[in-house]
Amino acid sequence: MRIGPYTVYALQAGWFRLDGGAMFGVVPRVLWERRAPPDERNRILLGTRCLLLIGNGHVVLVDVGIGTKYSEKFADMYAIDQREQTLERGLEALGLRPEDVTDVFLTHLHFDHAGGATRWAEAGRAVPTFPRATYYVQRSQWEAAIAPNPRERASFLPENFLPLLEHGQLEFLDGNVEVLPGIATRVVNGHTRGQQLLKVSDGNHTLLYAADLLPTVHHIGLPWIMAYDMCAQTTMEEKTLLLEQAAEEGWWLFLEHDPEVVLCRVRKTERDFEAIDRLTALPPQSPSPHSQAS
Ligand SMILES: [Zn+2]
């Protein structure tokens, strides 16, 4: 798939599981368990799907999965599965080494999005995984991560992001900005302060990396909001605004955590939104910008 100068890839950096109730907030289990069957510990399967853009002299990654710095206990708690798919292997399959990556956008610093930003150089000393890359984070997200509130603390692990600052590879962004031609941030604050979604557009085709605003295809329904979110009402308002625009302009939404659906578009219903054009892999050609929702 191409957008403007960029060839677009989806890289699966492995799998993990989170509590189904926490993933769907106030939605009762009888409704979500049919769509996302839980295991014996009530956890549902989730992917960590990264976006890779190659073009214009850049190799750009958006989010980097859980990485490799976790303990056995942590792996068991979250059912981390990287037996087959890892970010490194995904890059390797395209002939890329970590040194080739020029830009890394971290939507936010929760471990399932930013864990792969660093790796252990030796026990207890983490270094940036991509030694030549500039890493981009919203300043307000950084501030939330280095002084976390008690409810969010377990998601922010300092070894995932402090080394980026120490190695001078971090660039702070403030709000919505076009960082590279056709690649712009869209900041939302309901899930965590200063989460940046990435919008890739050539004026004709638009793809939005929806991160934890819309972690799975089920979260397109307005009441389907994670209990993890710091402010559910803000998320609902941010979803409404974004989905209005996505429906109107035929955006492709890239889903980071959905175990099956990689891309979808949306259409407005009487009181809500629903997913259409669900794709389980990126199309080889650029899809038409406005397929009629019918
Ligand atoms: Zn998150």
Side-chain angles (χ1 to χ4, degrees), residues 11-27 32 36 43-51 61-67 69-70 74 77-80 87 104-118 135-162 164 173 185-199 208-220 224-239 242 253-259:
L11 298 185
Q12 186 62 259
W15 305 88
F16 73 124
R17 287 176 180 269
L18 290 174
D19 185 84
M23 280 304 291
F24 297 119
V26 297
V27 176
W32 61 254
R43 302 172 302 182
I44 63 163
L45 181 65
L46 298 165
T48 50
R49 186 177 292 119
C50 312
L51 176 66
L61 267 176
V62 182
D63 278 356
V64 288
I66 292 173
K69 303 188 303 305
Y70 47 82
F74 191 86
M77 189 174 359
Y78 295 108
I80 297 170
L87 182 53
V104 179
F105 288 90
L106 300 174
T107 60
H108 60 302
L109 298 170
H110 288 167
F111 69 80
D112 52 324
H113 300 256
T118 63
Y135 289 74
Y136 303 93
V137 179
Q138 287 287 316
R139 191 185 310 274
S140 55
Q141 168 63 194
W142 182 265
E143 285 162 2
I146 57 171
N149 69 61
R151 193 165 168 272
E152 211 177 357
R153 182 168 298 145
S155 299
F156 287 130
L157 311 177
E159 65 270 25
N160 289 341
F161 47 83
L162 288 185
L164 307 177
L173 301 176
T185 59
R186 172 147 176 164
V187 177
V188 287
N189 296 290
H191 175 63
T192 181
R193 185 149 41 97
Q195 176 182 207
Q196 55 184 1
L197 315 181
L198 263 292
K199 192 177 150 192
L208 182 96
Y209 190 83
D212 275 352
L213 183 71
L214 304 166
T216 75
V217 75
H218 313 301
H219 293 87
I220 284 166
W224 295 62
I225 289 172
M226 293 191 282
Y228 294 113
D229 285 18
M230 287 297 118
C231 183
Q233 169 134 11
T234 304
T235 295
M236 199 173 58
E237 291 164 5
E238 290 168 342
K239 267 169 69 166
L242 184 132
L253 302 175
F254 187 108
L255 304 171
E256 183 166 8
H257 290 315
D258 197 287

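In this text, all values refer to a predicted model and were calculated from it rather than measured experimentally. Every number for a ligand or one of its atoms is a count from 1 in the order of the listing. One-based numbering along the sequence shown.
Among the atoms of H191, an N, O or S atom falls under 2.8 Å from the Zn ion (ligand 1). Residue D112 does not count as close to the Zn ion (ligand 1), with no N, O or S atom under 2.8 Å.
A donor-acceptor pair under 3.5 Å links the side-chain atoms of T118 to the main chain of E159, judged by distance alone. A donor-acceptor pair under 3.5 Å is absent between the side-chain atoms of Q195 and the main chain of V187, judged by distance alone.
The Zn ion (ligand 1) forms the vertex of an angle spanning ND1 of H110 and NE2 of H108; to the nearest 10 degrees it equals 90°.
Remark: the E152 side chain and the H110 side chain contain an N/O donor-acceptor pair separated by less than 3.5 Å.
Side-chain rings of F111 and Y78 approach one another, their centers coming within less than 6.0 Å.
Restricting D212 to its N/O/S atoms, the shortest distance to the Zn ion (ligand 1) is reached by OD2.
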